[in-house]
Amino acid sequence: MKAFVDQDTCIACGMCVSSCNEVFEFNDDGKAEAVVDLVPPELEEDARQAANNCPVNAIGITE
């Protein structure tokens, strides 16, 4: 599975980074971004949870 963050929608609230920092980090613009090409299987549930908790739905998940 892959995760991505829409940079135009992200408000940099940090919920994804705090809940799944192995997949999401802040970039130089202060917005979140996915830092792995493929989400490791053991982190898939955390990444999905981060996407579900994003207040502006900026995180996308593809299987």
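Note that these values count all heavy atoms, side chains included, but never hydrogens, waters or copies made by symmetry. Throughout, residue positions are numbered sequentially from 1 according to the sequence presented.
Under a hydrophobic-cluster definition in which Ile, Leu, Val, Met, Phe, Trp and Tyr are linked whenever side-chain heavy atoms come within less than 4.5 Å, directly or via other members, F4 and V39 are assigned to different clusters. Residues L43 and I59 are members of one and the same hydrophobic cluster, defined by side-chain heavy-atom contacts under 4.5 angstrom among Ile, Leu, Val, Met, Phe, Trp and Tyr.
Residue pairs meeting the side-chain hydrogen bond (donor to acceptor under 3.5 Å, both in side chains) criterion with at least one member in residues 28-57, sequence neighbours excluded, are R48-E63. Screening residues 49-60 for salt bridge (charged side-chain N to carboxylate O under 4.0 Å, His left out) gives no qualifying pairs among residues at least two apart or on separate chains. Residue pairs meeting the side-chain hydrogen bond (donor to acceptor under 3.5 Å, both in side chains) criterion with at least one partner in residues 1-21, sequence neighbours excluded, are D6-T9, Q7-N27.
I61 and A51 make their closest contact through CG1-CB, 3.9 Å (heavy atoms, listed as atom of the first residue, atom of the second, distance).
Side-chain contact between P55 and C13: present, with at least one pair of heavy atoms (C-beta onward) separated by less than 4.5 Å. Looking at heavy atoms from C-beta onward, V35 lies out of side-chain contact with F24 at the 4.5 angstrom threshold.
Partners of F26 by side-chain contact (heavy atoms from CB on, under 4.5 Å), not counting sequence neighbours, listed by chain and number: A12, V17.
Hydrophobic cluster membership for I11: V56 (Ile, Leu, Val, Met, Phe, Trp, Tyr linked by side-chain heavy atoms under 4.5 Å, directly or transitively). With side-chain heavy atoms closer than 4.5 Å counting as contact, directly or through intermediates, L38 stands alone and belongs to no larger hydrophobic cluster.
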